[in-house]
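Structure first, then comments.
Numbered from 1 within each chain, the chains take letters A, B, ... in sequence-line order.
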Amino acid sequence: MSFTLATWNINSVRLREGLVARLMEDEAPDILCLQECKSPVEKIPLERFHELGYTHMVARGQKGYNGVAILSKLPIEDAGDKDFASLGHARHVAGRLENGVTIHNFYVPAGGDVPDREKNEKFSQKLDYLTEMRDWFRDSRPEKAILVGDLNIAPREDDVWSHKQLLKIVSHTPVEVEHLDNVMEAGGWHDVTRADIPEGQLYSWWSYRARDWDTADKGRRLDHVWASGDIRAAAHGSRILRDARGWEKPSDHAPVFAQFDL
DNA sequence: ATGTCCACCGGAGGTGGA
């Protein structure tokens, strides 16, 4: 069995229903994981997605903020969620395919502006969130599992436009990278995107604030696809659809794709 | 490093979050 998967921080699924449909039409991933839906589950516009073949969904939502959804052409059953760091936010949902593969869809807290636990509660919550992810995956090591989402951390030097200039910028600080590495190690996770594309600058997010995001190209790789060790070899064909960042009224994130042959 | 976009509330534009 083979399927393609994409992960995309959509920054409001209701405002960008048309962009989601365009991705479904143009790229047709079997499974599309969305973050920042900013919608209660019952208000996600499903009709067009159904018409395009995405007849299955598992999702968690809340009014105005956060929210994660897995839209799928393949049957998928709800495999639960966990409120890491007890924030009361809709930031994680898991789904299970008929072949037994579990997909975890995450929206890790952004962490505010100041990278200091004492001065910034949001940064503290981000680190706590990652610590609880680590503990959870350590206690039940994932098998036949995929983890995707907006992890809000660009771990490698070549995952940001300037390693030196971003060392003290939230998303690329050493303490965040260490916390993310601990999640990977505890779960036996492997970075599928970087296994496929090991060399060179690679970004999935460009700020809205830049005058010309494409020319300035001050991006970061905040969106990730990971696989558990037992299925890592099944993953290939990763790519980032940079074009989507240039679509009309875009999300500030581009979709990240991978294929799995299982 | 940069300075835009989105949702909420409420019925305009301020506020919080990213």
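Both A210(A) and P250(A) lie close to DNA chain B; mapped to their nearest nucleotides by heavy-atom distance, the more 5′-ward contact belongs to A210(A).
Protein atom CH2 of W213(A) is 16 Å distant from nucleotide atom C1' of dC5(B), rounded to whole Å. As a whole-Å value, the separation of Q165(A) CD from dT2(B) C1' is 12 Å. Distance CD (E17(A)) to P (dC6(B)): 15 Å, rounded to an integer number of Å. Atom CD1 in I10(A) sits about 15 Å away from atom P in dC5(B), given to the nearest Å. H163(A) places its NE2 atom 14 Å from the P atom of dA1(B), with the value rounded to the nearest Å.
The residue from W136(A), F84(A), W226(A) that alone fulfils the ring pair (Phe, Tyr, Trp, His ring centres under 6.0 Å) condition with H104(A) is W136(A).
For the pair S12(A) and dA7(B), the criterion of a side-chain N or O lying under 4.0 Å from OP1 or OP2 is met.
Taking atom C1' on both dA7(B) and dA12(B), the two are 15 Å apart, rounded to the nearest angstrom. Comparing dG10(B) with dT15(B), their P atoms sit 15 Å apart, to the nearest whole Å. With both ends at atom P, the span from dT2(B) to dC6(B) equals 22 Å, rounded to whole Å. Comparing dA1(B) with dG17(B), their P atoms sit 24 Å apart, to the nearest whole Å.
In this structure, E248(A) does not pair ionically with R22(A), as no charged nitrogen and carboxylate oxygen lie closer than 4.0 Å.
Seen from the ring of Y129(A), K126(A) does not count as a face-on cation partner, given the 6.0 Å and 45° thresholds.
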Quick one, give me the B/S/- string for nucleotides 8-18 of chain B, reading 5' to 3', where B means a protein heavy atom under 4.0 Å from the base and S means that only happens at the primed atoms, P, OP1 or OP2. SS-------SB
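Within a 6.0 Å sphere centred on CZ of R232(A), other residues, nucleotides and ligands contribute 12 heavy atoms or fewer. Within 6.0 Å of CD in E47(A) there are 12 or fewer heavy atoms belonging to other residues, nucleotides or ligands.
Using a 3.5 Å distance cut-off with no hydrogens or angles, the side chains of R96(A) and T102(A) do pair a donor with an acceptor.
We find the CZ-CG distance between R239(A) and D196(A) to be 12.0 Å, quoted to the nearest 0.5 Å.
Counting any heavy atom pair closer than 4.0 Å across all strands shown, L166(A) reaches no nucleic acid atom. In this structure, R16(A) reaches the sugar-phosphate backbone alone: every heavy-atom distance under 4.0 Å involves primed, P, OP1 or OP2 atoms, never a base.
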